Amino acid sequence: MRQDCSVSSISNAARRSGVEPARRFTVQPMTVLPAVARHLTAAGTRVYTVPLRAFPHFQANAFLVVQGELAAPSYAALVDMGSAHEDSLSDLQVGLAHLRSEYGEAWSWDTLNRLIVTHPHPDHVGGLPAVRALTPAPVAAHIWAVPALEQPESRGAAWQVQVEGHLRWAGIPTESSYAERLRRRAHHLMLPSPVAVQTPLQDGDVLDGVFQVIHTPGHDGAQVCLRVDDLLLSADHLLPHNSPPLMPERSQRGAGLGNYLASLDRIEALDGVEVALGGHGGPMSDWRERIRDLRARYGDKLAAVQAAAQQPVTIHDLLLMLYPDLRPVQAILLLDQTAALAKYLGQTGGLKETQRADGAALFQTQS
Ligand SMILES: [Zn+2]
């Protein structure tokens with residue numbers, strides 16, 4: 001494994017504007033993206049990380065995976081494509097053009113062999129309809145992701161219905177700001193327009209003879225990690241700085257902490273992986289240590305939930321007890337996470353789940 005650090009440190013914004021990078025950094029620091037980076041796998045596959053501004057102040061990575069001669073690649077695949085946000089799409093175009101001009105990669109939208117979706121979240125797949133218009137490359141995604149990509153409208157409508165049941169279950173007042181945020185989120189999760197999936201993936205598949213497909217449900221039920229030789233594209237399953245947001249399993253098939261932890265075990269069992277590249281942030285050569293840290297972090301979070309649930313409490317009660325200084329912007333992620341933790345403890349015997357007369361779930365630590 002060789003990490004090629006001979007990359008330009010110029011930001012995409014600076015590349016576009018031609019403004020000298022140092023000056024640009026001072027003026028608009030939030031527009032600065034990490035440089036495009038190249039990894040070479042043991043067998044010589046070139047894997048480029050293209051950072052994107054998926055949303056304002058929130059970056060994600062797309063990847064171009066290329067085999068064969070620089071001047072005439074025999075295979076090229078785009079893994080994830082950022083959001084539908086115009087900055088994200090422009091960063092993708094600029095980053096990919098940079099691979100041609102700076103690295104001599106003669107890839108093109110016309111000859112691209114494959115589009116791959118690691119998981120159907122808006123920061124990774126929102127750009128798919130726009131990219132679909134640029135290339136005839138067939139789309140591959142986990143088989144459970146197919147409805148979200150091919151019928152986003154009906155998926156969105158199902159979410160809206162589900163949200164009301166979820167509010168009741170979690171004990172959230174239906175007129176509260178949380179309720180409004182949850183209803184809005186159901187809309188944001190939708191792909192802007194449908195895209196057909198030509199190749200539904202399953203665990204163990206070898207896609208195009210290049211990618212070993214590892215189904216890693218948890219953060220999303222339909223998430224896959226992709227192994228290329230000694231490199232792992234770890235999607236949002238394994239990230240360098242964050243524990244990925246989790247929803248309870250009742251919200252989505254394959255979601256939840258139990259699935260997430262089991263998927264960590266599966267990734268940890270991989271032999272010969274030298275580096276992991278996640279859907280956000282930089283490369284992880286210490287990815288095994290990262291797995292141990294994540295397990296420890298969830299252990300602490302579970303203990304905090306158990307300590308808070310001495311009396312029967314709803315998810316909403318737990319949220320307010322655990323995060324008294326909760327900021328609105330974090331509210332939905334932490335609500336989901338609290339639900340995922342409580343549900344996991346309910347399943348594994350750490351909490352007893354009963355039901356209140358109005359349908360809200362009550363959780364209490366088992367004595
Ligand atoms: Zn993500």
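Note that ligands are numbered from 1 as they come in the structure, with each ligand's atoms numbered from 1 the same way. Quick caveat: nothing in here was measured; it's all calculated off a predicted structure.
- The aromatic rings of W169 and F363 sit perpendicular, their planes meeting at an angle over 60°, well past the 30° parallel limit.
- The N, O or S atom of D123 lying closest to the Zn ion (ligand 1) is OD2.
- Inclusion of H124 in the first shell of the Zn ion (ligand 1) is supported: an N, O or S atom falls under 2.8 Å.
- Backbone or side-chain N, O or S atoms of H121 do not reach the Zn ion (ligand 1) at under 2.8 Å.
- In this structure, H119 and H124 have tilted ring planes: the angle between them lies in the 30° to 60° band.
- The nearest N/O/S atom of D236 to the Zn ion (ligand 1) is OD2.
- Checking W107, F63, Y103 one by one against Y48, the ring-ring contact (aromatic ring centres under 6.0 Å, His included) holds for a single residue, Y103.
- Distances from the Zn ion (ligand 1) to the N/O/S atoms of H280 are shortest for NE2.
- Two rings, from Y298 and Y260, have their centers less than 6.0 Å apart.
- Under the 4.0 Å criterion applied to side-chain N and carboxylate O atoms, D336 and K343 are not assigned as salt-bridge partners.
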